[in-house]
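Step one of this worksheet: look at the structure below.
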There are 2 protein chains.
Amino acid sequence: MTDPRPPATARPYDPTMPSPSTRTNRRAVYDELRRRVVGLELGPGAPLSENELAAELGVSRTPVREALIMLAQDGLVQVFPKVGSFVSRVDERSVADAQFLRESVELASLGDVPAVPDATVVAELRANLARQELAERDAEEFFRLDEQFHQGLLRLAHHEGTWPAVVAAKAHLDRARRLGLQEHSLHLFTDQHTRVLDALLDGGAEAARPLMRAHLRTVFDDIARVRERSPELFAPTAGPPTRRNIAVWE
Amino acid sequence: MTDPRPPATARPYDPTMPSPSTRTNRRAVYDELRRRVVGLELGPGAPLSENELAAELGVSRTPVREALIMLAQDGLVQVFPKVGSFVSRVDERSVADAQFLRESVELASLGDVPAVPDATVVAELRANLARQELAERDAEEFFRLDEQFHQGLLRLAHHEGTWPAVVAAKAHLDRARRLGLQEHSLHLFTDQHTRVLDALLDGGAEAARPLMRAHLRTVFDDIARVRERSPELFAPTAGPPTRRNIAVWE
DNA sequence: CGTACCACACTTGTATACAAGTAGACTGCG
DNA sequence: CGCAGTCTACTTGTATACAAGTGTGGTACG
């Protein structure tokens, strides 16, 4: 039959983790491309040729192709069969949806922070805030710290497991946010972060929630401003972009 | 705007649909396998051989493999390199996280339902409830209607765009829920749905929120009960299952 | 000069061959 | 009988060849 009985041999399962630790080329390509897309090194609408990427990264089409499929599932890449693959444009709907989802989860999470939070995590958050003040010149570093900070807040509520889902959903938000980071002095965000944490530890979720909401809305409003300035990044078009010029002869 | 596609399978998410619906083998395999996994036709821990699936579905390994990669990104499949691919087990953490995310989004969404909701959507919800009462014997049909109902509530708040994210995140929850659907008479759920909608339209979000929370918690508690009864489905996470017996000679 | 058409280069989709690794099954030895 | 070592069938990862389709640019024609 199609469902044979497992062997009678009792198996004391080996704690050596096979899957998460093995680094395949597919994974490496996925990480690299995702880094480029989220970091805007590859802007919205940029063409992604499987052959070009394979040649550049020194692998065959297979891992590149599979990485693109993964990115497409994340919503970061659009694949048009027989036409081409392109970095997704940031459309207003996706950004608003991501914003709503993030706001819902993070605000609800505040309500589940215990009265006496984990001192270790609180210390990490404090240290993070200190580094945020030092990183006001380095947007990349600040962006990383910002992610860690919000993830730490989820951890305080023991809801860190939802972080990956939030990250995946807010992929479009991240890109737009990165565009908007230059709008404000980064100090404003550090300030907002500090106030949220202080309010949370002092007055609980009720005190922190409006501050957090205002903080998240600041980010969202930034995106609207960016959209007015650079509308080409926010896809109004349904179809794929026009094909780039063919390769030159040498 | 009615959906012309047959409602046979509620497609979770399709970021690549702006152009004419190109139906690739990869997509067909993905839909079929997802249907089997979510419908528990392929139970948690079941082995998935790329070669076997390719032979059964009449395609080569490539589309099967790519579909498995997509399912792995959804968290429905685990791929252990050089060992095998298996249907993910339902672990307690994932279920709790999915529950929290779903609860956060759906409860927050209630607050954004306008004072005068879209009459068309309300009518659809009413019709859906009527069909729920008729489908008390058919768990499959009821499950489909249940999804449509919750999606409709999100649509009332103009947050339907978050539904795909919720669906993806609660994949584990769905499977566990399907196991637990036999716990209660389905009439209980229909009743809860009706009360939520009535309260929402009558007393607004404040009235509906506690009812919705109670409803979602009912589902969650069911899962805990199923876990006690069938712990083998809620796996010990780490290692891959033992390899099944090799193919028999004929 | 405008337009219709056609060929070509490039794209992704699919099939297939080979590579690397795992773990159960088997055999030989003590 | 027990155990260790090897064998072997199976797994997924990667590379590559071919198939099918699309849009652009050049070309011939009206």
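In this structure, the CZ atom of A:F80 is 14 Å from the C1' atom of D:dG23, given to the nearest Å. A:E66 places its CD atom 13 Å from the P atom of C:dT14, with the value rounded to the nearest Å. Nucleotide C:dG13 holds its C1' atom 17 Å from the CG atom of B:L57, rounded to whole Å. What separates CZ of B:R27 from P of C:dT14 is a distance of 12 Å, to the nearest Å. Taking atom CD of B:Q78 as the reference point, atom C1' of D:dT12 lies 15 Å away to the nearest angstrom. One atom, CZ of A:R23, and another, C1' of D:dT14, lie 16 Å apart when rounded to the nearest Å. Between the CD atom of A:E52 and the P atom of C:dA9 there is a distance of 16 Å, given to the nearest Å. Atom pair A:L53:CG and C:dC10:P shows a separation of 16 Å (rounding to whole Å applied).
Checking the phosphate oxygens (OP1, OP2) of D:dA15, a side-chain nitrogen or oxygen of A:S60 falls inside 4.0 Å. At the phosphate of C:dG13, neither OP1 nor OP2 sits under 4.0 Å from any side-chain N or O atom of B:T24. The phosphate of C:dG13 (OP1 or OP2) has a side-chain N or O of A:R65 nearer than 4.0 angstrom. B:S85 has no side-chain polar atom (N or O) that falls below the 4.0 Å cut-off from OP1 or OP2 of D:dT11.
A:R26 comes within 4.0 angstrom of the backbone, heavy atoms only, and of no base. Heavy atoms of B:N25 sit under 4.0 angstrom from primed sugar atoms or phosphate atoms, though from no base atom. Using a 4.0 Å heavy-atom distance criterion, B:R61 is classed as a base contact. Base contact: B:T62 has a heavy atom under 4.0 Å from a base atom.
A salt bridge links B:E32 to B:R36: one of the charged nitrogens lies within less than 4.0 Å of a carboxylate oxygen.
Side chains of B:E124 and B:N128: no donor on one and acceptor on the other come within 3.5 Å.
Out of D:dA15, D:dT22, D:dT11, the shortest distance to the side chain of B:N51 is found at D:dT11. In this structure, of D:dT14, D:dT12, D:dG21, it is D:dG21 that holds the atom nearest to the side chain of A:K82.
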* To do: Take B:Y30 and B:R34 through the side-chain hydrogen bond (donor to acceptor under 3.5 Å, both in side chains) test and state the conclusion after the steps.
  => CA-CA 6 Å; B:Y30 172 78; B:R34 183 175 179 111; 3.3 Å; yes
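The closest donor-acceptor contact from the side chain of B:D118 to the backbone of B:T120 lies under 3.5 Å. Looking at A:S109, its side chain never comes within 3.5 Å of a backbone N or O of A:A157 through a donor-acceptor pair.
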